[in-house]
Amino acid sequence: MRTPLALLTVAALLPGCGQAPQPADLILSAGQVYTLDESRPWAEAVAIRGGRIAAVGTDEEVLSRFRGQVFELGGRMVLPGFHDAHVHPTFGGIQLMQCDLSGSASAVALTALVAGCDAALPQGDWLVGGGWELSLFPDANPSKDLLDAINADRPIFLRGADGHSSWANSKALALAGIDAETPNPPHGIIERDENGAPSGTLRESAQGLVEAIVPLLTAEDRLEATRQAVALANQFGITSMIDAATSTDEWTAWQGLDAAGGLTARVVLSIPVSSPLTWTPDESLIRTEDRGSGQRLRRDAAKLFVDGVLEGETAALLEPYLGEGGGTGMLILPADELAARVVALDAQGVQAHFHAIGDRAVRVALDAVEQAIEHNGPSDNRHHISHLQLIDPADYPRFAALNVTANFQPLWAYPDGYITDINLPAIGAERVEGMYPIGSLERAGARIAAGSDWSVSSLNPLPAIETALTRQDATGEIEGTLNANEAVSLDTMLRAYTANGAWLMHQEDQTGVIKPGMAADLVVLEKDLFSIPATEVGEVAVTMTLFEGEIVYRRPSQPQL
């Protein structure tokens, strides 16, 4: 039976101690401390002083050397703070502040949420929101008629959960000048009905046709959205993040939060330099001198969108899609142009952060890194590829050979509606069974990192870790397993969310493991993950999150210091 989290003060020497204890700001004791430090994987206690870890060891070792306030953990687990290696914090925070449609289980429930948002708005205002699941609609293609039935007089624009599709009503389409005669923009698709009229769904760059006329957010809105996103990340034990595509306006929000003292996480901003979406490339934001500076906020990385997504058949494949359309998707940049960009960025000391869904996109991203090494020689830029839904097995060993990190979003690795209802008819069972090959890449020697892609999916790392262990739905609502051979161990996933994430962010000398001298970025979990079935990992609660020794999240039931 676990004891309550207790606050104590150690004020006297323990028996057998030969000298007076040193002062500590906080001591975590009687815990299961999984350090990720290979020289000492497990400990019971951690002493914190001046925002850094002063000691790690048994209770006797630490309590005999330090005195101060003590949290007696009662067997709870302590880990390094989680790293989310692919997330969209400001974008997700904005969604929380607008009409948030995430989590809707059916089209009926979704339209009811939209109707509720509509009823709460003054007449004449735009209804803007996001988070709807594409799998709720045939061919991931919801009709404008559903939104017109809610309110035909108000423009409605709703971004999909995947970030690559949006849904608009007739009013919004008309205001944007989108009709049967409007051509598809480069790298975009206007979905159409049987008569050629816009159906209401917009893919990739076509979303920008409406985005361009949606009322602008204020700087204060984006600052508040970023603040809320960081607070939510801390709630889930996250103390470091890679913002996967930062616009100029979002950079301003991050800068404001940092200047106000509200940035309770380490953040690397990936600046888009190629995108079919609504992010505007601004390579001038990149600052290579940020790397190694120790700043909480750094912008020494470039984001390169290589392809689209399977749901809109815009992911780039080596073999064609099935069905009438056929085709192999799209590359945002021709392969030779992408390689030239990566060679130039690599020469400048910029980390390349690739979006690649399809196996062809993964290959051309690896080819680009290979050319960078041929032209520039080996570097410490630590390039990485995110998503990796499909990878040709011939490319598995290239990740280790080229020192490219495989940045998975493991929460997607189970047979949800996206896979069974949309992907399966589009690419067939053989390719579906090869999706998200985390185990295969680990066996091939690749370094594995992990992220959420929030607000595309949950920000909470624990259900994602469970999914990687089981290849099943962590909620238990959807039956089935997606290729059990690709399951990995708990240690692999904890390392992906801690030490490997820290290495990817060029901060392994500051955080990612628990050992003396490192920053006290820590998460306390209600249960020891190694002592419970894999199917329960996703339900474990975060008790407390510390950033540089300060408690930035405490579960409401826990005592105050």
Side-chain angles (χ1 to χ4, degrees), residues 88 90-92 94-95 98-102 110 114 126-137 139-144 146-148 154-180 182-193 197-217 222 225 244-250 272 274-282 303 305-316 329-333 355 357 387 418 422 453-456:
H88 302 281
T90 305
F91 187 85
I94 288 168
Q95 184 173 303
Q98 294 178 336
C99 185
D100 185 6
L101 304 174
S102 56
L110 176 61
V114 176
W126 278 70
L127 195 168
V128 181
W132 56 273
E133 295 289 343
L134 279 70
S135 61
L136 300 179
F137 301 97
D139 301 319
N141 186 11
S143 170
K144 62 189 177 186
L146 293 172
L147 299 179
D148 291 347
R154 178 199 304 283
I156 302 176
F157 182 67
L158 307 172
R159 304 172 186 92
D162 69 340
H164 293 257
S165 298
S166 290
W167 181 20
N169 71 344
S170 296
K171 182 77 169 179
L173 293 170
L175 290 172
I178 302 173
D179 58 26
T182 306
N184 287 333
H187 306 306
I189 298 171
I190 301 169
E191 296 286 4
R192 304 176 192 274
D193 62 22
S199 67
T201 302
L202 306 170
R203 313 279 190 204
E204 308 294 357
S205 66
Q207 299 172 90
L209 300 175
V210 178
E211 286 273 17
I213 62 169
V214 171
L216 295 175
L217 293 165
R222 284 186 290 271
T246 311
S247 69
T248 304
D249 289 338
E250 289 170 341
S274 72
S275 174
L277 304 171
T278 56
W279 285 285
T280 302
D282 186 358
K303 176 64 175 292
F305 287 85
V306 185
D307 65 346
V309 292
L310 285 175
E311 289 73 42
E313 299 193 1
T314 55
M330 68 179 189
L331 291 174
I332 305 308
L333 294 174
H355 161 114
I357 294 283
H387 307 321
Y418 279 90
I422 302 175
D453 206 13
W454 183 74
S455 62
V456 173

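Ser274 OG to Leu333 CG: the interatomic distance, rounded to the nearest 0.5 Å, is 4.5 Å. Summarising the geometry, atom CD1 belonging to Ile189 is positioned 6.0 Å from atom CD belonging to Glu191; distances are rounded to the nearest 0.5 Å.
Of the possible donor and acceptor atoms, none in the side chain of Ser199 sits under 3.5 Å from a partner among the backbone N and O of Ser143. When atom types are taken as modelled, the side chain of His187 and the backbone of Ser205 share no donor-acceptor pair closer than 3.5 angstrom. In terms of modelled atom types and a separation under 3.5 Å, the side chain of Asn169 and the main chain of Leu147 share no donor-acceptor contact. The main-chain N or O of Arg159 is found under 3.5 Å from a side-chain atom of Trp132 such that the two form a donor-acceptor pair.
Between Asp307 and Thr314, every side-chain heavy-atom pair lies at or beyond the 4.5 Å cut-off. Proximity of His164 to Ile357: side-chain heavy atoms (C-beta onward) are nowhere separated by under 4.5 Å. At least one side-chain heavy atom of Phe137 sits under 4.5 Å from a side-chain heavy atom of Leu110. Residues Leu173 and Lys144 are in side-chain contact: their nearest non-hydrogen atoms beyond the backbone lie under 4.5 Å apart.
Across every non-hydrogen atom of Thr182 and Asp179, the tightest pair is OG1-N, 2.9 Å. Considering all non-hydrogen atoms of both residues, Ile94 and Ala225 come closest at N-CB, 3.4 Å. Counting all heavy atoms, side chain and backbone alike, Pro272 lies closest to Thr246 at CD-O, 3.2 Å. Taking every heavy atom of both residues into account, Gly92 and Trp454 meet most closely at C-CH2, 3.3 Å. Residues Gln207 and Leu202 share a closest heavy-atom pair of CG-O, 3.6 Å. Closest approach of Val210 to Ile178, counting heavy atoms only: CG2-CD1, 3.8 Å.
With sequence neighbours excluded, the residues that form a side chain to side chain contact (heavy atoms under 4.5 Å, CB included) with Ala140 are Leu134, Arg203, Ile422. Partners of Gln95 according to the side-chain hydrogen bond (donor to acceptor under 3.5 Å, both in side chains) rule, which considers only residues two or more places apart in sequence or in another chain, are Asp100, Ser455. For Asp453, the side-chain hydrogen bond (donor to acceptor under 3.5 Å, both in side chains) partners at least two apart in sequence or on another chain are His86, His88. Taking the side-chain hydrogen bond (donor to acceptor under 3.5 Å, both in side chains) definition, one finds that Asp148 meets it with Ser170, sequence neighbours left out. For Arg222, there are no side-chain hydrogen bond (donor to acceptor under 3.5 Å, both in side chains) partners, not counting sequence neighbours. Residues satisfying the side chain to side chain contact (heavy atoms under 4.5 Å, CB included) test with Leu175, not counting sequence neighbours, are Trp126, Pro155, Lys171, Ile213. With sequence neighbours left out, Glu133 forms a salt bridge (Lys or Arg N to Asp or Glu O under 4.0 Å) with no residue at all.
His355 and His387 have perpendicular rings, their planes meeting at more than 60° on a 0 to 90° scale where under 30° would count as parallel.
Applying the 6.0 Å contact sphere to CG of Asp139 captures no more than 12 heavy atoms from other residues, nucleotides or ligands.
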Legend entry - Derivation and outcome, side-chain contact (heavy atoms from CB on, under 4.5 Å), residues Leu217 and Gln98: CA-CA 11 Å; Leu217 293 165; Gln98 294 178 336; 3.9 Å; yes
